[in-house]
Amino acid sequence: MSLKAKIIGVGLAAPEKILTNKDLEKIVETSDEWIKSRTGMSERHIADEKTATSDLATAAALKAIEMAKIAPEEIDLIITGTVTPDMPFPSAACFVQNNIKAVKAAAFDLSAACSGFIYGLSLSKGMIASGDARTILVIGADCLSKITDWTDRNTCVLFGDGAGAAVLQATSEDAGVLSTYTYSDASKTHLLQVPAGGSRVPFSKEVLENRTNFIKMEGNEVFKNAVKGMERAIDAALHKAGLKYEDVSLVIPHQANIRIIESIAKRMKLPPEKVFINLDKYGNTSAASIPIAMTEAYAAGRLKKGDILVITAFGAGLTMGAAVIKWGI
Ligand code: ACO
C-alpha cells in the first residue's frame with residue numbers, strides 16, 4: 001500500500017492592520033452596502049510597509065510546525081504557493097527555510113495564483129507516495145495589497161493579505177490526501193493578470209504612469225469561469241477518490257466571493273454547516289485563502305478525525321483545482 005500524505009499541523013498568520021469597507025469608502029467611490037452584497041466581504045488584513053510575504057509565511061509555518069510537534073530539521077521540502085514573493089528571486093520559500101531553520105529541506109515557490117496551495121498539495125501527495133519526501137511544509141501566502149491598484153474600485157475592495165501553512169507527513173494510516181485534481185485553462189490568461197513588471201514588459205517610467213504593474217481583472221468573466229472550474233474540479237477529485245457529494249463532511253472553497261461559494265453549495269446540495277466561509281473577515285487572500293480557512297475550521301471544531309474534507313480553488317491562469325482529504329487529527 002502506498003503511503004498517504006497526512007496533514008498533521010496547520011497554522012495561519014494575518015497582518016494586524018484591518019481595513020474595513022467603511023475605510024475603503026474613503027479611498028475609492030464605493031460603499032459598505034455594495035461590497036457586502038456583491039462579495040460578502042466586510043474587512044480584510046493589510047500588511048504594513050515592512051512586512052513581506054515570507055514574514056507571514058514564516059509565522060504561519062511556525063504555528064503549523066508547533067501543532068505537528070516536529071522539529072524543523074525533519075522537513076524535506078518547503079513549497080510556497082505565492083504570486084507575491086518578497087522579490088523575483090530568491091523564492092519566498094527560501095526565506096522561510098532560513099527563518100524556521102529547516103536546514104535539510106529543499107525550498108521553492110509555486111506560481112498558480114489562488115490555486116497555489118492545492119497545486120502544492122497535489123505535488124506533495126506524489127512526492128510522499130513515491131518516497132522522495134517524508135515531511136513536507138506546504139504554504140499558501142500572498143500580499144496582494146502590494147500589487148493592488150488602490151485607485152481601482154473594481155479590484156481594490158476584494159483582496160487581503162495573509163498566510164496559511166500545513167505540515168504533511170507520510171503515513172500508512174487511513175488518513176490524508178485521498179485525491180487531487182488540477183487543471184489550467186490558459187486560453188483565459190487575459191482575464192486576470194499583472195501585465196507589467198516581468199520579462200514581457202519590464203519596469204519603466206511608462207509602466208508606473210500607466211499603472212500596468214498592478215492587478216487587472218475582468219471580474220464578471222472570472223466569476224463565471226470560477227464557478228464552472230471549481231465544479232469541474234470537485235467532481236473530478238471526488239470521482240478519483242471514489243466518493244460522492246453525500247460523503248462530504250465539509251467543503252472549503254477559495255474565499256473569493258460569497259456568490260461563487262453559494263452557487264457551488266447549491267449545486268452540491270450542501271447545508272450551510274457543510275460549507276466553511278470566512279471571507280467576511282479576510283477578503284480574498286489568494287493562495288493563503290484555503291490554508292487559513294482550514295486552520296480556522298479545525299480550531300472551531302468543524303473538522304474532526306475521519307471527516308471527508310473537500311477543498312477547491314481557482315485563480316489567474318486560469319488555474320483551478322480540488323483535493324479530497326480524510327482528516328486525520
Ligand atoms: N463599488 C461600487 N461599484 C462597483 C465597485 C465597487 N467597489 N466595483 C465595481 N462596481 C460597479 C461597476 O463599475 C459596474 O458599474 P456599471 O454597471 O455602471 O458599469 C457595476 O458595479 C457592476 O459591475 P460588475 O463587474 O458587473 O459586478 P459583479 O456583480 O460581477 O461583481 C465582482 C464584481 C465582485 C468583481 C465579481 O465579478 C467577482 O467577484 N468576480 C470574481 C473575481 C475574483 O474572484 N477574482 C479573484 C481571482 S483569484 C486570483 O487569482 C487573484
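Both backbone and side-chain heavy atoms feed into the values below; hydrogens, waters and symmetry mates do not. Keep in mind it's a predicted model, so treat the numbers as computed, not measured. All ligand and atom numbering here is 1-based and tracks the order in the structure.
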Could I get the full list of ring pair (Phe, Tyr, Trp, His ring centres under 6.0 Å) partners for Phe276, not counting sequence neighbours? none
Just going by heavy-atom distances, which of Ala112, Gly219, Ser37 is nearest to atom 37 (O) of ligand 1? Gly219
Between Glu231 and Lys228, does any side-chain N to carboxylate O distance fall below 4.0 Å? no
Sub-4.0 Å protein heavy atom near atom 19 (O) of ligand 1: no
Would you confirm whether any non-hydrogen atom of the protein falls under 4.0 Å from atom 6 (C) of ligand 1? yes
Counting only heavy atoms on the protein side, is anything nearer than 4.0 Å to atom 40 (N) of ligand 1? yes
Are Lys326 and Asp174 within salt-bridge range, i.e. N to O under 4.0 Å? yes
Mind checking whether Ala316 has an N or O less than 3.5 Å away from an N or O of ligand 1? yes
Quick test of your reading of the model: are Glu296 and Lys281 salt-bridged, counting only N-O distances below 4.0 Å? yes
Do Ser249 side-chain atoms and Ile308 backbone N/O form a donor-acceptor pair below 3.5 Å? yes
Taking heavy atoms and a distance under 4.0 Å, where does Asn257 meet ligand 1: side chain, backbone, both or neither? side chain
Protein heavy-atom partner closest to atom 48 (S) of ligand 1 - residue, atom, separation in Å: Cys114 SG, 2.6 Å
Test item: protein heavy atom less than 4.0 Å from atom 16 (P) of ligand 1: no
In this structure, atom 44 (O) of ligand 1 is nearest to the protein heavy atom Ala256 CB, 3.3 Å
Among Phe314, Phe159, Phe223, Trp34, which one puts a heavy atom closest to atom 8 (N) of ligand 1? Trp34
Give yes or no for whether the N/O distance cutoff of 3.5 Å, strictly under, is met between Asn220 and ligand 1. yes
Are the side chains of Leu137 and Leu77 in touch, meaning some heavy atoms are under 4.5 Å apart? no
Verify the contact flag for atom 23 (O) of ligand 1, where contact means a protein heavy atom under 4.0 Å away. no
For ligand 1, note which part of Asn154 has a heavy atom under 4.0 Å away: side chain, backbone, both or neither. both
Using a strict cut-off of less than 4.0 Å between a Lys/Arg side-chain nitrogen and an Asp/Glu carboxylate oxygen, indicate whether Glu173 and Lys4 qualify as a salt bridge. no
For the atom pair OG1 (Thr155) and NZ (Lys216), what is the distance rounded to the nearest 0.5 Å? 7.5 Å
